[in-house]
Amino acid sequence: MANSKLISSFYSLYNSQNNTNPSSSIFLLHKKKLKLLHNPTHQSNFTLNTTTQKSRNSFSSILNTLGRNKTSVKKMEESRNTTKISVEGTVILKKQHRLSHHFLSFIHPSKISIQLISSVHPEGKAAYLEEDISESISVADGESAFRVKFVWNEEIGVPGAIFVKNETDHEFYLRNVSLKNIPGHGNVHFHCNSWVYPSHLYHKDRIFFTNKTYLPHQTPAPLRKYREQELQILRGEGKENVMLMEWDRVYDYAFYNDLGEPDKGPEYVRPIYGGSAEYPYPRRGRTSRQPTKTDPHTESRLPIVKAKEFYVPRDEKFGDIKLSDFLGDTFKSLSQGVVGVLDALFDKTPKEFDTFQDVLEMFEGGIKLPNSSLLGKLKEHIPNEFLKAVIRTNGAPILKYPMPDIIKEDKSAWRTDEEFAREMLAGINPLVIRHLKEFPPVSKLDSKYGNQNSSITKECLEGNLDGLTVEEAMKRDKLFILDHHDLVMPFLRQINKDTSSKVYATRTLLFLKDDGTLKPLVIELSLPHPEGDQYGAVSELYKPTSDGVEASRWLLAKTYVAVTDAAYHQLISHWLHTHAVMEPFIIASNRQLSQLHPIHKLLHPHFRDTMAVNTIARQIAMNADGLFEAAVYPRKYVGQWTSAVYKNWVFTEQALPQDLIKRGMAVKDVNSPHGYKLLIEDYPYAVDGLEIWSAIETWVKEYCLFYYKSDDMIATDPELQFWWKEIREKGHGDKKDEKWWPEMKTFNDLTEICSTIIWIASALHAVVNFGQYPYGGYMPNRPTITRRFMPKKGTPEYEELKTNPDGVFLKTVISQVRTLAAISVIELISGHSADEVYLGQREPGWTSDMPPLQAFDRFSKKLEEIEKNILARNNDPKLKNRVGPAKLPFTLLCPSSGVGITGRGIPNSVSL
């Protein structure tokens, strides 16, 4: 073929495959290479077979042929007159926290190299780090900054990625790399935020991409292969059946098959959750530990003191500050049997609180521990960071906790009906109350459970409806219900028979008063029929009263409701509906969305620390005989209960507007704020939540619109489609056939999905987590176990209730030693660490695209405005549900917070 025809073919081929402007420097470079073929000497070295061109001949094969002609390449290089300059960069590294304080004692900069990868040219020459320049650059504690220099010329173009090679013996944390003053391109940033292990542990050198964002089809050709290679590594291709090591960067799925310990005995056997119709569950991250000896399908466990050895992708593990605050000695103490030691300490003394003043002593003076040789063991196992001032030097050993907010202003306000009802709208579980649409309440349980409909009658209510009939009250949207009947009843017979818990299925009906507050009307406590499930429920009704023994029974009835609600809060609202359901999104995002992808950049901050926290939860909370089984009433049925609830989980209904509509707490209304009218106008969670939701939704839409100009771009984005397919079919594989999954075909699909993910990870989790100690630190307000049934008339317990109501109450709820353990844990998880990152905050320069940065700035400012609105509403005396009798303002959706237990703050992610 004549060279003119070859060149013409090359122009056409190159343009079609690379969409390159013919005037660009890289196109002109290859054009010059081809023109060398006019020399007859070279013509014999290159022949183009038109028959094989269609199947084999491409741009890359032409260039490979040209590359074999050394004479042509030499002449081509000599023909260029390119000015080479030095480009300087700054590299910020962090030492491995287990190493010595002095970074340079272990990390030799001269053994760490960086190689530029151009977005238009193959890799350049590697450069090694030079001297430490930390003194002239602001770096965080434990970090060091180094200089690196590259030789650059215009042929290289703008760097699109870098290879980082660690030839030392230790891993380090690479925070970022910044290149300065690249001619025609300015500064270029690489936000790495990743641990880099010695290079001999990797099959390929670590690659990091610039903060430039590309959809898959927009990615410059030289970066495409690296984009896919990186995803292959993260998917663990080739490591599907091998033990994963700490330097592996594999994100993969596993069932919850690590909660039981069959090797310890049959009482420690637990079902495998996930992968079956009987026990569906979200997937967790694969850890690939060995199976147990007794059951090859159950994954073995490690002591919590070896938590650092659990395989979690290293970049998902806690940073140094969180590791110290959250894991450190705290969970070491739990693993070594704090509860067991306390049980032994109190073995010869009562394990009960005798009076409410005894409970207050935990906060006001401390609980004195009996003198025992076990005190030395206690001191060894419980550091000061876990239980404050365990041992005082000037007196008897004590346990003391900070005062919970619920009793700071008023020690008895928690007892009132007003506070009991208010917390359904503004407490730590304001997610269950719903509008009553049919009377009496109807059960949806299978017919095998017999008649489970409510026994509440109109006569129970009328006379307490401010002059209205039941029909009138319902028509005016005045009746509401807190319903924990259907979810509890199927497990109730087993729980009450096989565990020390004695609980009821509960329904609570409430009336909306003219001042916007709720008052409880009646509580229904139900048990399975003693002759069998087919005979339905046996129910008793309790109405508010303030006199005599019936007032004490009314307080106990509210306590049984609080226990069922506290369990639902901890196990469903908190664990299942935030922690567990989020993990599949995190795994799929790392496996299917490149770091260059805009949706990866959007969602990544909302995944921080979640996999690490969930790993700890499986180790100490969800496991057999763990914290949940010890301190929450379903006890050994904790896993089965959460699995049963997951059967009814609907992702789209976790979006706040859809949740409110489903519960009948709101209706669509274009004339109302954010497009929704609340049936209870003073519903603090919904009012504040809709402001936060609207801000998130606006931010997501503005961000996504910059990258996706049409629905077709979404439908044809391969990474996005594989991501959404994997979430449905693998991450939430037991729900893959549900019809409610969005299709991910339109802009509305994309933005609704992303807004819901961000809402769950940030605001929803903040509400159910960071109020735990302020509301639940005082155990009588939010007990998690009841150990006795309601005293019946004519029994000794009923007579005792007449003379010692406080004593009966305290004997009914969780024991003293379990209270100490439970409060210690919720104190820990209710606080913010010093390195927390809140909604509206991101690391500077996370993207180079200015419109998204501007949109995020608007989002941040909107959140500041919302916070001011929340605080202003809390000061409005007309809004009675925002503060209530306990004088505890609703601040759980205030975006910002300080360190520690504050009862406010929305972190970006499920980080505790």
Side-chain angles (χ1 to χ4, degrees), residues 235-246 248 250-304 306-307 309-313 316 335 490-491 494 498-499 571 575-576 579-581 583-584 586-588 591 611-612 614-630 634-647 649 726-737:
R235 287 193 290 263
E237 295 185 8
K239 294 188 176 183
E240 291 84 356
N241 299 307
V242 301
M243 179 70 71
L244 297 175
M245 309 303 292
E246 67 173 279
D248 284 317
V250 173
Y251 292 78
D252 204 356
Y253 302 97
F255 301 133
Y256 277 69
N257 65 341
D258 62 342
L259 303 182
E261 294 184 83
D263 291 348
K264 291 176 64 174
E267 67 272 25
Y268 290 93
V269 173
R270 295 295 181 269
I272 294 173
Y273 297 107
S276 69
E278 183 179 11
Y279 296 120
Y281 224 70
R283 302 299 185 259
R284 64 172 177 92
R286 169 188 162 203
T287 53
S288 72
R289 284 171 283 176
Q290 294 293 331
T292 60
K293 297 177 181 178
T294 306
D295 180 5
H297 301 293
T298 298
E299 190 173 89
S300 60
R301 298 169 57 81
L302 294 173
I304 191 65
K306 295 185 177 181
E309 299 175 21
F310 300 167
Y311 176 77
V312 176
E316 302 297 335
S335 70
F491 293 89
Q494 292 171 291
D498 299 341
T499 77
L571 300 176
W575 163 252
L576 179 65
H579 285 262
V581 302
E583 190 157 356
I586 298 168
I587 298 169
R591 287 167 55 87
M611 291 187 71
N614 287 2
T615 300
I616 298 300
R618 295 197 308 274
Q619 187 69 18
I620 66 160
M622 285 294 295
N623 59 303
D625 206 28
L627 289 170
F628 286 164
E629 290 194 3
R635 307 301 290 264
K636 67 180 182 180
Y637 299 106
V638 159
Q640 293 183 37
W641 193 47
T642 58
S643 173
V645 175
Y646 179 65
K647 290 179 181 179
W649 174 74
E726 184 166 292
I727 287 169
R728 301 192 319 270
E729 297 184 0
K730 289 188 177 181
H732 285 284
D734 297 331
K735 309 284 288 184
K736 65 182 178 181
D737 295 325

**Q** To the closest 0.5 Å, what do you measure between CZ (R289) and CZ (R301)?
**A**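 One gets 7.0 Å once the value is rounded to the nearest 0.5 Å.
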**Q** Supply the atom-to-atom distance E726 CD to Y253 OH, rounded to the nearest 0.5 angstrom.
**A**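 Here the interatomic distance stands at 3.5 Å.
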**Q** Would you say NZ of K647 has more than 12 non-hydrogen atoms from neighbouring residues, nucleotides or ligands within 6.0 angstrom?
**A**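 Enclosed.
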**Q** Excluding sequence neighbours, so at least two apart, what forms side-chain contact (heavy atoms from CB on, under 4.5 Å) with P584?
**A**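 With sequence neighbours excluded, P584 shows a side-chain contact (heavy atoms from CB on, under 4.5 Å) to P282, H732, given in chain and number order.
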**Q** Please give me the minimum heavy-atom distance between G260 and A624, naming the atom from each residue.
**A**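 Of all heavy-atom pairs spanning G260 and A624, the closest is CA-CB, 4.3 Å.
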**Q** To the nearest 0.5 Å, what is the distance between NE2 on H579 and CD1 on I616?
**A**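 Those atoms lie 12.0 Å apart.
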**Q** Before you tell me yes or no, could you show the steps for T292 and E261 under side-chain contact (heavy atoms from CB on, under 4.5 Å), namely the whole-Å CA-CA distance, both residues' side-chain angles and the distance that decides it to 0.1 Å?
**A** CA-CA 8 Å; T292 60; E261 294 184 83; over 6 Å; no
**Q** So, for Q640 and F491, which heavy atoms are closest and what is the spacing to 0.1 Å?
**A**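 Nearest pair, atom of Q640 first, then F491: O-CZ, 3.6 Å.
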**Q** Output all residues satisfying side-chain contact (heavy atoms from CB on, under 4.5 Å) with E240, sequence neighbours left out; order by chain, then residue number.
**A**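 So E240 forms a side-chain contact (heavy atoms from CB on, under 4.5 Å) with E237.
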**Q** Is there a side-chain contact (heavy atoms from CB on, under 4.5 Å) between R283 and D734 once you walk through the steps?
**A** CA-CA 9 Å; R283 302 299 185 259; D734 297 331; 2.9 Å; yes
**Q** Could you measure the distance from the CZ atom of F628 to the CG atom of L259? Nearest 0.5 Å is fine.
**A**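 That separation rounds to 11.5 Å.
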**Q** State which residue, out of L576, T642, V645, fulfils the side chain to side chain contact (heavy atoms under 4.5 Å, CB included) condition with L571.
**A**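 Of all the options given, the one that passes is T642.
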**Q** Looking at every non-hydrogen atom in both residues, tell me the closest pair between I272 and H297 and how far apart they are.
**A**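 Taking I272 first and H297 second, the nearest heavy atoms are CD1-O, 3.4 Å.
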**Q** Check side-chain contact (heavy atoms from CB on, under 4.5 Å) between R284 and all other residues, then give those that pass, not counting sequence neighbours.
**A**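 Expected list: A254, Y256, N257, D258, T287, E299, E583, R618.
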**Q** Can you tell if the side chain of P280 reaches within under 4.5 Å of the side chain of S643, non-hydrogen atoms only?
**A**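 Yes. Closest side-chain heavy atoms under 4.5 Å.
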**Q** Is there any side chain to side chain donor-acceptor pair (under 3.5 Å) pair reaching into residues 262-277, and which pairs are they, with sequence neighbours excluded?
**A**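 Listed by first then second residue: D263-T294, R270-E629.
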**Q** Calculate, to the nearest 0.5 Å, the distance between atoms CG and CH2 belonging to N614 and W575 respectively.
**A**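 Rounded to the nearest 0.5 Å, the CG-CH2 separation comes out at 4.5 Å.
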**Q** First locate atom CG of D737, then atom CD of E729, and finally report the distance between them rounded to the nearest 0.5 Å.
**A**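 Interatomic distance, D737 CG to E729 CD, rounded to 0.5 Å: 9.0 Å.
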**Q** If the condition is side-chain contact (heavy atoms from CB on, under 4.5 Å), which residues does V250 pass it with, not counting sequence neighbours?
**A**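 For V250 the side-chain contact (heavy atoms from CB on, under 4.5 Å) partners, ignoring immediate neighbours, are K239, L244, D248, D252, R286, Y311.
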**Q** Which atom pair, heavy atoms only, marks the closest approach of W641 to P634?
**A**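 For W641 versus P634, the nearest heavy atoms are CE3-CG, 3.9 Å.
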**Q** K636: what forms a salt bridge (charged side-chain N to carboxylate O under 4.0 Å, His left out) with it, not counting sequence neighbours?
**A**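 Salt bridge (charged side-chain N to carboxylate O under 4.0 Å, His left out) list for K636, sorted by chain: empty.
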